[in-house]
Amino acid sequence: MIEFEDAAFRYGETDVLSRLNLRLTPGSFHFLIGPSGAGKTTFLRLCYKELAPTSGVVRFRGKTIGDQDRDAVADLRRAVGVVHQDCQFLDHITVGENIALPLQVSGLNVQERADDLASLLDWVSLNDRVDAYPPQLSGGERQRAAVARAVILSPDLILADEPTGNIDWDMALRILTLLVELNRMGKSVLIATHDLNLVRAAKSRVQARVLRIADGTIQPAAADL
Ligand code: ADP
């Protein structure tokens, strides 16, 4: 689905990632591990083309997408749902409206999809928080709302950036369960995390491949985490 060939990225004069040669295939489940500052967020931003590689190639469904190719970039963005690390919401609209926002931005009729939205809220157990405002949510509720918002357009690939960063362990497992369920529904999932316990907890639930960022590049991690 997304393929990196000799791709590299630098911010200004600083090389962050180089020699990226990897492929995220349909239906796969990956963890991307590495300490804070290693380049995990940068890699995710390359995947959904918020950043373009400074050299090499990133392909989406076999096609290199140029910066000027707006339709292709829009297709890619529709196919990829992102759970951002900071899970920012618009604080002046409700949780339900925030989750439905990608529908609106894509010009889809939110009323017509009210049933889909209700099932999605049910799935993340936020039905009773639909009319709350984001500042009223707990950390775990925010993360679940962020997962719901990331999948409302039914993407094929979900990228989650430290989705369990600021929540307790039980809630982290709940978020992991949601992401595993999405994978069972056929979606590709990539979770960037520095939490090896999360990776270990996933092993009994899903066949996950683990990638590690080290020395500015990404390689399969050793099996004995
Ligand atoms: P991680 O997600 O693993 O914590 P990041 O991808 O956020 O890592 O950051 C990788 C490196 O790139 C860090 O050294 C960070 O300081 C640097 N960096 C991130 N964003 C920018 C930016 N917009 N401008 C310059 N340097 C950046």
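Each residue takes its place number in the sequence, starting with 1. The basis for the numbers below is simple: all heavy atoms, side chains too, and nothing from hydrogens, waters or symmetry mates. One-based numbering, in listed order, for ligands and for the atoms of each.
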Donor-acceptor pairs are to be reported for all side-chain atoms of residues 34-41 against protein atoms at under 3.5 Å, with residues two or more places apart or in another chain.
unit_1 : atom_1 : unit_2 : atom_2 : d
Lys40  : NZ     : Gly34  : O      : 2.8
Lys40  : NZ     : Pro35  : O      : 3.0
Thr41  : OG1    : Asp161 : OD2    : 2.8

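- Scanning both residues, Arg144 and Val124, for their nearest heavy atoms gives NH1-O, 3.0 Å.
- Only side-chain heavy atoms of Val16 come within less than 4.0 Å of ligand 1; its backbone N, CA, C and O stay farther off.
- Residue Ser36 has at least one heavy-atom neighbour below 4.0 Å for each of these atoms of ligand 1: 4 (O).
- Of the protein's heavy atoms, at least one falls inside 4.0 Å of atom 14 (O) of ligand 1.
- In summary, the aromatic rings of Phe43 and Phe4 are positioned with their centroids under 6.0 Å apart.
- Ligand 1 places these atoms under 4.0 Å from at least one heavy atom of Pro35: 3 (O).
- Distance alone, capped at 3.5 Å, is enough to place a donor-acceptor pair between the Asn98 side chain and the Leu90 backbone.
- Nearest heavy-atom pair across Asn183 and Ser188 is ND2-CA, 4.5 Å.
- Those atoms of ligand 1 that come under 4.0 Å of a heavy atom in Thr41, given as number and element, are 1 (P), 2 (O), 6 (O), 7 (O).
- Protein heavy atom closest to atom 24 (N) of ligand 1, with residue, atom name and distance, is Tyr11 CD2, 3.5 Å.
- Evaluated for a side chain to side chain contact (heavy atoms under 4.5 Å, CB included) with Leu179, the options Ile191, Thr164, Leu190 yield exactly one hit, Ile191.
- Using a 4.0 Å heavy-atom cutoff, Gly37 is listed among the residues neighbouring ligand 1.
- The hydrophobic cluster containing Ile93 does not contain Leu137, counting ILVMFWY residues as joined when their side-chain heavy atoms lie under 4.5 angstrom apart, directly or transitively.
- Among all protein heavy atoms, the one lying closest to atom 8 (O) of ligand 1 is Gly39 N, 3.0 Å.
- Side-chain N or O atoms of Thr54 include one that pairs as donor or acceptor with a backbone N or O of Ala8 at under 3.5 Å.
- Heavy-atom proximity to atom 9 (O) of ligand 1, evaluated over Asp161, Ile213, Leu32, Thr42, is greatest for Thr42.
- The residue Ala192 has no part lying near ligand 1, judged by heavy-atom distances below 4.0 Å.
- Distances below 4.0 Å separate heavy atoms of Ala38 from the following atoms of ligand 1: 1 (P), 3 (O), 8 (O).
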